Amino acid sequence: MALGALLVMGGWAIAGPSGLLAWSENLRLLEQRQHEVQQLSAERDELRNRVALLDPRHADPDLAGELLRSNLNVVHPDEMVMLLK
């Protein structure tokens with residue numbers, strides 16, 4: 001009976017939810033999540049920079065002009081529009 005209990009505990013240690021077989025899966029998921037966090041951090045930094053450029057107290061005129069042209073289709077009469085694909 002003691003041998004059976006030891007075998008069950010050994011099997012649980014190898015194939016259980018936190019056993020040796022699950023360890024490699026956990027490491028793979030950790031690396032995947034770290035990569036996702038890096039991508040989201042880079043995207044957040046880009047958005048933070050864009051928000052800083054659109055601050056009403058000192059907005060970047062180039063970015064404001066770009067947004068006006070793209071969202072409202074506004075151009076000056078003497079401008080020439082070139083579509084790039």
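Not measured: the values here are computed from a predicted model.
- Ionic pairing of R28 and E25 is present here: one or more N-O contacts between side-chain nitrogen and carboxylate oxygen are shorter than 4.0 angstrom.
- In this structure, R50 and L67 have side chains that are in contact, with non-hydrogen atoms separated by less than 4.5 Å.
- Cluster annotation: L68 and L63 are assigned to distinct hydrophobic clusters (Ile/Leu/Val/Met/Phe/Trp/Tyr, side-chain heavy-atom contacts under 4.5 Å, transitive).
- Put simply, CE on M9 and CG on L6 are 4.5 Å apart, with the number rounded to the nearest 0.5 Å.
- For the atom pair CZ (R33) and CG (N26), the distance works out to 10.5 Å, reported to the nearest 0.5 Å.
- Members clustered with L30: none, using a 4.5 Å side-chain heavy-atom cutoff among hydrophobic residues.
- Interatomic distance, E36 CD to S41 OG, rounded to the nearest 0.5 Å: 10.5 Å.
- When the shell of 6.0 Å around NE2 of H35 is examined, it contains 12 or fewer heavy atoms from other residues, nucleotides or ligands.
- The line from CG of D60 to CD of E66 is 9.5 Å long, rounded to the nearest 0.5 Å.
- Side-chain contact between N49 and D45: absent, with no pair of heavy atoms (C-beta onward) separated by less than 4.5 Å.
- A donor-acceptor pair under 3.5 Å is formed between the side chain of R69 and the backbone N or O of G65.
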